[in-house]
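Letters A, B, ... mirror the listed sequences (proteins, then strands); counts begin at 1. For clarity, every value in this text was computed on a predicted model and none was experimentally measured.
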There are 2 protein chains.
Amino acid sequence: MSEGVEWAVHSCPNLAWLGEERAVPAAKLAAFYELPPAYLNKQLQALARAGVVTPTSGSRGGFRLARPPEKITLMDVVAAIEGEEEAFRCTEIRHRGGSDSGERGGPPCAIHTSMRKAELAWRRELASQSIADIASTVEEHSPDASERVRRWFGDTRA
Amino acid sequence: MSEGVEWAVHSCPNLAWLGEERAVPAAKLAAFYELPPAYLNKQLQALARAGVVTPTSGSRGGFRLARPPEKITLMDVVAAIEGEEEAFRCTEIRHRGGSDSGERGGPPCAIHTSMRKAELAWRRELASQSIADIASTVEEHSPDASERVRRWFGDTRA
DNA sequence: GTCGGCCTACTCGGATAGTACGTGTCCGAGTGAAACGGG
DNA sequence: CCCGTTTCACTCGGACACGTACTATCCGAGTAGGCCGAC
């Protein structure tokens with residue numbers, strides 16, 4: 001799995017804490033985690049294309065969450081970066097060479113079915129957890145997290 | 001996910017139907033599915049390293065299942081090809097730059113925990129399905145599958 | 001007829017190129033804000 | 001003092017190199033089986 005997924009998921013709770021009315025430049029988020037600014041920008045662009053965040057150009061521009069953090073799931077973020085297609089691609093090799101029984105389609109590919117079943121379990125688990133859940137868990141362990149984030153992103157502004 | 005996973009998983013039920021006392025060369029399996037022989041051989045080598053199949057050299061050599069198909073899970077095969085490490089790698093970016101609270105470790109990374117939870121659901125689902133289950137499902141839909149496989153792999157031998 | 005040795009053909013196994021995708025970087029188009037000047 | 005215009009700095013967005021890992025291939029080491037000859 002791409003490393004950009006980790007960056008994108010980490011960015012979201014910060015955007016949530018900073019509120020929906022405030023835009024954060026990719027460069028500032030990158031500085032927060034010491035990441036390559038241009039490359040993090042690329043990942044945020046992918047989030048924007050997927051409708052997870054909304055971009056704003058010009059001065060005081062940046063990215064903000066497109067909807068309340070309760071409505072954004074980990075599945076949304078992962079799908080935005082990795083793509084919607086399933087990881088296991090069935091190329092129907094059972095219909096090739098000596099294994100071909102002649103009839104196309106017919107019974108579904110048992111292996112494809114099994115792999116998809118596992119992948120659906122993964123997707124279901126990711127879809128059951130929202131950015132708000134992540135933010136809550138973090139604040140539960142360190143209650144000053146949101147305040148620290150707000151201060152850090154506010155300091156360099158003044 | 002690598003395409004080799006599909007090839008490896010498809011190969012296993014065939015090895016199961018052909019019995020444990022009979023070895024099948026990689027080249028013959030490749031011909032069965034019209035795959036690059038040398039490359040399929042590479043995947044089978046990975047299965048051998050993981051202890052899923054046992055290789056045999058020399059004439060009448062090849063690969064056979066290392067244990068009964070009921071004891072081989074999809075997880076075993078996928079892990080043999082893709083590796084044991086989890087897909088989402090947490091690089092602890094939360095402890096870098098302005099996000100660093102000073103204390104290493106401390107509370108577990110909430111994002112890592114959530115991603116791992118989803119991945120465990122995936123692994124559990126894969127581990128719950130054996131090669132024997134796959135073979136049974138296939139035979140349920142087309143009862144002559146095992147017989148056809150045995151005949152095809154036997155024909156070129158005589 | 002049987003046994004031992006040799007030879008051959010066949011198999012895996014790892015080392016070696018080619019290619020697609022993820023990683024990282026750069027510069028330009030567009031925009032919003034702020035500064036400036038005139039009314 | 002207020003408003004319109006201009007300028008400017010800042011942001012995203014897509015186009016451009018680089019590295020790694022998957023894909024594909026080839027050739028050599030090793031082995032099991034079969035053949036041949038001697039006993």
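Looking only at distances, no side-chain donor or acceptor of A/Glu82 sits under 3.5 Å from a matching main-chain atom of A/Met1. With A/Ser2 contributing its side chain and A/Val5 its backbone, the two residues share no donor-acceptor pair below 3.5 Å.
Proximity of B/Phe88 to B/Ile111: side-chain heavy atoms (C-beta onward) are separated by under 4.5 Å at one or more points.
As rounded to whole Å, 16 Å separates atom P of D/dC27 from atom NZ of B/Lys42. When rounded to the nearest whole Å, the span between CD of A/Glu6 and P of C/dG22 equals 17 Å. The CD1-C1' distance, from A/Ile81 to C/dC21, rounds to 15 Å in whole Å. Put simply, CZ on B/Arg89 is 11 Å from C1' on C/dG22, counting in whole angstrom units. Separating the CE atom of B/Met1 from the C1' atom of D/dA21 is a distance of 16 Å, rounded to the nearest angstrom. Rounded to a whole Å, the CD atom of B/Glu3 is 9 Å from the C1' atom of D/dT23. In this structure, CD of B/Gln43 is placed 13 Å from P of D/dT25, rounded to the nearest angstrom. As rounded to whole Å, 15 Å separates atom C1' of C/dT11 from atom CZ of B/Arg22.
In the set D/dC22, C/dT23, D/dT25, D/dC22 carries the atom at the smallest distance from any side-chain atom of B/Ser2. Nearest to the side chain of A/Tyr39, among C/dC12, C/dG24, D/dT25, sits C/dG24. Here the side chain of B/Phe63 is nearest to one of C/dA15, D/dC22, C/dC12, namely C/dC12. When each of D/dT11, D/dT25, D/dA24 is scored by its nearest atom to the side-chain atoms of A/Pro25, the top-ranked nucleotide is D/dT11. Of all nucleotides listed (C/dT23, D/dG14, D/dT25), D/dG14 comes nearest to the side chain of A/Gln45.
Nearest-nucleotide positions on DNA chain C for A/Leu40 and B/Leu44 put B/Leu44 closer to the 5' end. A residue-by-residue look at A/Ser59 and A/Asn41 shows that A/Ser59 has its nearest nucleotide of DNA chain D further toward the 5' end. A residue-by-residue look at A/Ser57 and A/Pro36 shows that A/Pro36 has its nearest nucleotide of DNA chain C further toward the 5' end.
Across residues 46-55 of chain B, B/Arg49, B/Pro55 each have a non-hydrogen atom less than 4.0 Å from an atom of DNA chain C (numbered order).
Residues A/Phe153 and A/Trp17 keep their aromatic ring centres 6.0 Å or farther apart.
Using a 4.0 Å heavy-atom cutoff across all strands shown, B/Ala26 reaches sugar-phosphate atoms only and no base atom.
Within a 6.0 Å sphere centred on CZ of A/Arg89, other residues, nucleotides and ligands contribute 12 heavy atoms or fewer.
Minimum interatomic distance between B/Ser114 and A/Ile134 (heavy atoms only, all atoms of both residues): OG-CD1, 3.2 Å.
Side chains of A/Arg124 and A/Ser128: no donor on one and acceptor on the other come within 3.5 Å.
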